[in-house]
Enquirer: 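The structure's right below; bear with me while I get my questions together.
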Amino acid sequence: MENSDFSENRYQSVLQQQEEKVNQYPAARKKKLDELFNAFSIVAEGTYVYLCDMRYDISRWSRAAVDKFGLPGDYIYAAGEVWEQRIHPDDRDVYHKGIDSIFKGDASGHDMQYRAVRKDGVFDVCTCRGAVLLDLDDQPNYFAGVIRNHGIQGHIDFLTGLRNQYGFFEDLQSNLIRNQEMYVTIVGIGKFSEINEVFGYEFGNQVIQSFGRYLFELVENTGTTYRIDGTKFAVISNFTRMHDTDKREYIENAYRKMRDHFRSEFVLDGRNVILEMNGGFMKVDRFDIDRKTIFACLNFAYGESKVRRQGDLVEFFNDLNEQNRSRIERINVIRSSILHGYTGFYLLYQPVVDAHTEELIGAEALLRWKNDEYGVVPPDQFIPLLESDPLFPDLGEWILKEALSAAKKIQARFPDFIMNVNLSYTQIEKPGFCDMVLDALVSSGYPAEHLCLEVTERCRLLDMDLLKNTLICLKARGVQIALDDFGTGFSSVGLIKNLPFDIIKIDRSFVRKIEEDDLERELMRHFSGLASTFGAKVCVEGIETEGMRDILQRFHVQSFQGYYYAKPLLMEDFLNWRSKTEEKK
């Protein structure tokens, strides 16, 4: 090492020599360095490992440290000097003296703490511990150490011993930085609460451990296994020398084998336990995307497996649309918009009219997104994907506040106006949701009685007690509650029986052919009567023709919504909208 008057010129000289020195490193020494590094990496999980060959001053560093701190590469010449430039100026003197004493033979190791700057310019507090390894002649041979970054969470799940969610995201990011193609899979245990209820939590933990161990052994050397949270696990696979079709087939076969095992062969503590699984996977071959976007897409595929495919493995296809833009690329940009002031998001408003007078009584706020590069992206291409994203509740709050601001203006002209706003089940399960809605009403000055929140049949995924208590809390303050898309799911009747809905919205799919289909008319008679039985009003969506209106006016229906009255409108167009009765005058 040089003296403490380390200069920028010396640092630049070291960088210029990097490739040359690393290429000249003897192959036999490199093999030994790699063997020792791999051994230290296994026992030093959760830290950055470095190993320096002191005879050549060539070091190998953990890939995670290389990516996070912007180091020259996995193999670094004069790493002490390179690393010193990442250390906060106020901490360099102590660091330099410690490293210098090691290379001069005055010290056999070090234990210090300092601040190191990441690529993004943020300093993390790090603890560094290292020791000199001597050869058979008691001469310094290697300097081995670990750096613990206190700016990040631990990476090991203590229950299973697998890498945890923090490790998962770090490894995703590392692959994205290196443009490393990968397949990512999420699998989980379905209806796990029943295991805990029947056998107890201690046995449940043993099930999770066994599940994780089986997955780890099944994956072997084809990938890395992680416990994400609860009963969900992930695998990152970096297949080599394998065709895409073979990679997909390998994942599908592995999932099928694991599913069959836990359905029929799983015995734990002498008990036969049947576990149901859900799973989703995707190929990642685009690297200009965010790791959380990948996770959102995986969660969507997992949700489809759980809700719609009875546990079959679902692949998230990164299809290209007519503009040759990949699906995941669009989601990445849209998701980024939430983090940057909701740029590109806007609301349209579709009128809701009285079924008999056809006068305006309300509107439904509908989310849209667009930008110059992608144009308008239909909501069904991004809302289902973002619905389970941690950012979605923030977007939902923005939608509510925007809708209330617009409703205040509309109400000045239509005093009885009611604004309908859609909710996601993930918003409702967020702590403080009820308070957020009430605070938004207070800050906007909009009366709670003129707000109607719409929930969908997917809210069955929530704990029913939580959902019921939330709806009762809102109704106690005057907010109306609607069940949207009634009839499209298998649990709709159960929901209106157990939850206090003010309005039932009949999905457009049940009235599309009502002018010529006797069965649809009979279904509408049944649905409207059923809703009335539970004290709810009925709104029918998808009214497109005068004939549909005339037929539906014969039933016990209170309101209509559809293209016959208006498509979703921008705010200024909505204020200029005229009802059918006004048009006739």
Side-chain angles (χ1 to χ4, degrees), residues 155-172 175 182-196 204-239 242 246-268 273-284 291-318 328 385 387-389 461:
H155 286 38
I156 298 301
D157 173 61
F158 292 109
L159 181 61
T160 63
L162 301 172
R163 283 174 69 75
N164 62 14
Q165 189 175 79
Y166 301 108
F168 172 71
F169 282 123
E170 182 175 275
D171 292 350
L172 271 184
N175 282 351
M182 55 185 157
Y183 278 78
V184 190
T185 307
I186 286 187
V187 298
I189 306 171
K191 300 179 181 178
F192 188 75
S193 60
E194 297 177 5
I195 300 292
N196 286 331
N205 285 340
Q206 292 179 37
V207 171
I208 292 172
Q209 289 173 328
S210 298
F211 190 90
R213 174 55 55 183
Y214 185 92
L215 178 61
F216 176 81
E217 293 175 352
L218 181 65
V219 170
E220 293 183 318
N221 295 323
T222 63
T224 304
T225 308
Y226 310 80
R227 184 188 179 201
I228 301 299
D229 58 53
T231 64
K232 291 170 72 173
F233 294 76
V235 177
I236 298 178
S237 303
N238 301 120
F239 295 110
M242 193 183 293
D246 296 330
K247 296 172 185 176
R248 285 184 170 86
E249 186 175 337
Y250 181 91
I251 292 171
E252 290 167 353
N253 288 339
Y255 181 82
R256 191 179 302 112
K257 180 179 179 181
M258 188 172 185
R259 193 181 184 191
D260 290 344
H261 171 78
F262 284 106
R263 274 181 166 177
S264 59
E265 303 174 11
F266 183 45
V267 179
L268 185 62
V273 182
I274 297 175
L275 300 182
E276 290 298 329
M277 285 176 54
N278 308 299
F281 77 103
M282 65 182 293
K283 176 184 178 182
V284 179
R291 57 188 178 176
K292 294 296 182 69
T293 300
I294 295 173
F295 196 50
C297 295
L298 282 168
N299 275 325
F300 173 74
Y302 182 88
E304 290 292 292
S305 170
K306 180 179 180 179
V307 176
R308 302 183 189 278
R309 299 283 293 278
Q310 292 77 50
D312 288 344
L313 185 65
V314 173
E315 180 175 5
F316 178 87
F317 287 104
N318 188 25
I328 193 171
L385 282 157
E387 193 173 26
S388 59
D389 192 288
L461 299 174

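Given the structure is predicted, the values throughout are model-derived calculations rather than measurements. When a residue number appears, it is its place in the shown sequence, counting from 1. Side chains included, hydrogens not; waters and symmetry mates left out as well; all remaining heavy atoms used.
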Enquirer: If you round to the nearest 0.5 Å, how far is CZ of Phe168 from CD1 of Ile186?
Expert: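 It is 5.5 Å, given to the nearest 0.5 Å.
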Enquirer: I need the Thr185 OG1 to Leu313 CG distance, nearest 0.5 Å.
Expert: 7.0 Å
Enquirer: Closest heavy-atom contact between Met182 and Asn175?
Expert: SD-ND2, 3.2 Å
Enquirer: side-chain contact (heavy atoms from CB on, under 4.5 Å) for Val273 and Val267? Distances and angles first, verdict last.
Expert: CA-CA 6 Å; Val273 182; Val267 179; over 6 Å; no
Enquirer: If every non-hydrogen atom of Ser305 is compared with every non-hydrogen atom of Gly279, which pair is closest and at what distance?
Expert: OG-N, 3.0 Å
Enquirer: Do Arg248 and Glu315 sit within salt-bridge range, that is, some charged N less than 4.0 Å from a carboxylate O?
Expert: yes
Enquirer: If you define the side chain from C-beta out and look only at heavy atoms, does anything of Ile251 sit under 4.5 Å from Lys247?
Expert: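 With C-beta onward as the side chain, the pair stays apart.
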Enquirer: If we ignore hydrogens and angles and just use 3.5 Å, is the side chain of Gln209 paired with the main-chain N or O of Leu159 as donor and acceptor?
Expert: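 Yes, Gln209 side chain to Leu159 backbone: donor-acceptor pair under 3.5 Å.
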Enquirer: Does the side chain of Val187 come within less than 4.5 Å of Leu215's, by heavy atoms?
Expert: yes
Enquirer: At their closest point, which heavy atom of Met282 faces which heavy atom of Cys297, and how far apart are they?
Expert: SD-CB, 3.9 Å
Enquirer: When you look at Phe262 and Phe211, which way does the ring-ring contact (aromatic ring centres under 6.0 Å, His included) test go after all the steps?
Expert: CA-CA 8 Å; Phe262 284 106; Phe211 190 90; 5.0 Å; yes
Enquirer: Run the numbers on Phe169 and Phe295 for ring-ring contact (aromatic ring centres under 6.0 Å, His included), then give the verdict.
Expert: CA-CA 9 Å; Phe169 282 123; Phe295 196 50; 5.2 Å; yes
Enquirer: For Asp260 versus Ser264, what's the shortest heavy-atom pair and its separation?
Expert: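 Heavy atoms of Asp260 and Ser264 come nearest at O-OG, 2.7 Å.
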Enquirer: Could you check whether Asn238 and Tyr183, counting side-chain N and O atoms only, form a donor-acceptor pair closer than 3.5 Å?
Expert: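 Result is no, nothing qualifies.
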Enquirer: I need the Asn205 CG to Ile195 CD1 distance, nearest 0.5 Å.
Expert: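 It is 12.5 Å, given to the nearest 0.5 Å.
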Enquirer: How about Tyr250 and Thr222: do any of their side-chain heavy atoms sit closer than 4.5 Å?
Expert: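 They are in side-chain contact.
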Enquirer: Between the side chains of Asp157 and Arg163, is the shortest nitrogen-to-carboxylate-oxygen separation below 4.0 Å, so that they form an ion pair?
Expert: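 Salt bridge absent between Arg163 and Asp157.
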Enquirer: Looking at CD1 of Ile208 and NZ of Lys232, how far apart are the two atoms once the value is rounded to the nearest 0.5 Å?
Expert: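 Rounded to the nearest 0.5 Å, the CD1-NZ separation comes to 13.5 Å.
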Enquirer: Looking at side-chain heavy atoms only, is the closest gap between Phe316 and Phe281 below 4.5 Å?
Expert: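 A side-chain contact is absent here, since even the closest heavy-atom pair is not under 4.5 Å.
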Enquirer: Given the rule in the side-chain contact (heavy atoms from CB on, under 4.5 Å) test, do Leu218 and Tyr214 qualify, once you have shown the distances and angles that lead to the verdict?
Expert: CA-CA 6 Å; Leu218 181 65; Tyr214 185 92; 4.2 Å; yes
Enquirer: Between atom CD1 of Ile156 and atom CZ of Arg227, what is the distance when rounded to the nearest 0.5 Å?
Expert: 13.0 Å
Enquirer: For the atom pair CG (Leu172) and CD1 (Ile236), what is the distance rounded to the nearest 0.5 Å?
Expert: 4.0 Å
Enquirer: For the pair Phe266 and His261, name the ring-plane relationship: parallel under 30°, tilted 30 to 60°, perpendicular over 60°.
Expert: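 Ring orientation, 0 to 90° scale: tilted.
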Enquirer: Within the 4.5 Å heavy-atom criterion, are Val235 and Phe233 side-chain neighbours or not?
Expert: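 No, side chains not in contact.
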Enquirer: Does a side-chain heavy-atom distance below 4.5 Å link Thr225 with Phe216?
Expert: yes
Enquirer: If we count only N and O atoms by modelled type, under 3.5 Å, do the side chains of Lys191 and Asn278 hold a donor and an acceptor together?
Expert: no
Enquirer: Compare all side-chain heavy atoms of Phe192 with those of Val207 and state whether any distance is below 4.5 angstrom.
Expert: yes
Enquirer: So, do Val284 and Ile294 sit near enough that their side-chain heavy atoms are less than 4.5 Å apart?
Expert: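 Val284 reaches Ile294 side chain to side chain.
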Enquirer: Are Ser193 and Asn196 linked by a side-chain donor-acceptor pair shorter than 3.5 Å?
Expert: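 No - no donor-acceptor pair under 3.5 Å links their side chains.
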Enquirer: If every non-hydrogen atom of Ala301 is compared with every non-hydrogen atom of Gly280, which pair is closest and at what distance?
Expert: CB-CA, 4.0 Å
Enquirer: Would you mind telling me which of Arg259, Lys306, Arg256 makes a salt bridge (charged side-chain N to carboxylate O under 4.0 Å, His left out) with Asp312?
Expert: Arg259
